[in-house]
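Take a look at the structure below.
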Amino acid sequence: MTDVIVPLPPIYNDEKCMRLALAQAERAAEADEVPVGAVVLYKDRIIAKAHNQVEMLKDATAHAEMIAITQAAAGIGDWRLNEATLYVTKEPCPMCAGAMVNSRLGRLVFGCPDPRGGATGGALDLSDFPGMLHRFEVTSGMLLEECQYVLQEFFRRRRRAQKEEGNTDGKA
């Protein structure tokens, strides 16, 4: 008699991964960074977790997605992320979407859209741009309300603090 091996269901799904990204966004907010968080799932393993660190590192490229892509590549020992899914709480900007193209990302899942600056369907779409060397699947709106809330609440607090300080130049 042979044993029948029943595969276990995947540990992670889109919602669980986005909740992990939201936790990263909360960490960013606590550090007074724009609250964007990202995680990378590869072969049913989380191989990267990151949040915005632009202010802390004094680096305009230290977006959650960029850091997560770098961590993921280091984690698998290859710059090609064909089998990876990146989860991020806000639609990626052109820099981050370009990095996704260049890293051959398999799939992107994001929470809230960015109609003014988003580059995966908002203001433009680098994920499916004719002539690009790579295209990747995009799923938008995952935990939309929660992702929007984190961003909106962060900027509400920032505006309130500016008003209390009498800062009227619009800079935080």
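Put simply, Leu105 and Ile47 are part of the same group of oily side chains (I, L, V, M, F, W, Y) that touch within less than 4.5 Å, one to the next.
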Side chains of residues 77-86: which donor-acceptor partners sit under 3.5 Å, not counting sequence neighbours?
unit_1, atom_1, unit_2, atom_2, d
Asp78, OD1, Arg80, N, 3.2
Asp78, OD1, Arg80, NH1, 2.9

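In this structure Glu153 satisfies the side chain to side chain donor-acceptor pair (under 3.5 Å) test together with Arg156, sequence neighbours excluded. Applying the salt bridge (Lys or Arg N to Asp or Glu O under 4.0 Å) test to Glu15 and every residue at least two apart in sequence or in another chain returns Arg19. Residues passing the side chain to side chain donor-acceptor pair (under 3.5 Å) test with His63: none are found, sequence neighbours excluded. Residues passing the side-chain contact (heavy atoms from CB on, under 4.5 Å) test with Thr61, sequence neighbours excluded: Asp59, Met95. Every residue two or more places apart in sequence or in another chain that forms a side-chain contact (heavy atoms from CB on, under 4.5 Å) with Glu26 is listed here: Val150. Judged as a salt bridge (Lys or Arg N to Asp or Glu O under 4.0 Å), and not counting sequence neighbours, the contacts of Arg135 are Asp128. Under the side chain to side chain donor-acceptor pair (under 3.5 Å) criterion, Glu65 pairs with no residue at all, not counting sequence neighbours. Ala99 meets the side-chain contact (heavy atoms from CB on, under 4.5 Å) test with Met66, Ile69; sequence neighbours excluded. Among residues two or more places apart in sequence or in another chain, the side-chain contact (heavy atoms from CB on, under 4.5 Å) test is passed with Cys17 by Tyr12, Val39, Leu41, Ile46, Tyr87.
Crowding of Phe155 atom CZ: a count of heavy atoms from other residues, nucleotides or ligands under 6.0 Å exceeding 12. More than 12 non-hydrogen atoms from other residues, nucleotides or ligands lie less than 6.0 angstrom from OH of Tyr42.
Within the structure, salt bridge (Lys or Arg N to Asp or Glu O under 4.0 Å) contacts touching residues 105-114 (residues at least two apart or in different chains) are Asp14-Arg107, Lys90-Asp114, Arg107-Glu137. The side chain to side chain donor-acceptor pair (under 3.5 Å) analysis of residues 27-38, with sequence neighbours excluded, yields no pairs.
With Lys49 contributing its side chain and Gln24 its backbone, the two residues share no donor-acceptor pair below 3.5 Å.
Nearest heavy atom pair, residue Gly111 against residue Met18, reads N-CE, 3.6 Å. The two residues Ala64 and Ala50 make their nearest non-hydrogen contact at O-CB, 3.5 Å. In this structure, Phe110 and Ser140 approach most closely via the heavy-atom pair CZ-CB, 3.2 Å. Across Ala48 and Ala68, no two heavy atoms sit closer than the pair CB-O, 3.4 Å. Here the shortest heavy-atom pairing between Ala29 and Pro35 reads CB-CB, 3.9 Å. Nearest heavy-atom pair, Pro94 versus Leu126, reported as atom, atom and distance to 0.1 Å: O-CD1, 3.7 Å.
Two residues are said to be in side-chain contact when any heavy atoms from C-beta on lie closer than 4.5 Å; Ile67 and Gln71 meet this criterion. The closest side-chain heavy-atom distance from Cys147 to Val88 is not below 4.5 Å.
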With side-chain contact (heavy atoms from CB on, under 4.5 Å) as the test, would you mind laying out the steps for Leu124 and Phe129 before giving the verdict?
CA-CA 9 Å; Leu124 64 145; Phe129 195 79; 5.8 Å; no
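With rounding to the nearest 0.5 Å, the separation of CE in Met142 from CG in Leu22 is 11.0 Å. Note that CE of Met100 is 9.5 Å distant from OG of Ser127, once rounded to the nearest 0.5 Å. With values rounded to the nearest 0.5 angstrom, Asn13 atom CG is found 10.0 Å from Asp44 atom CG.
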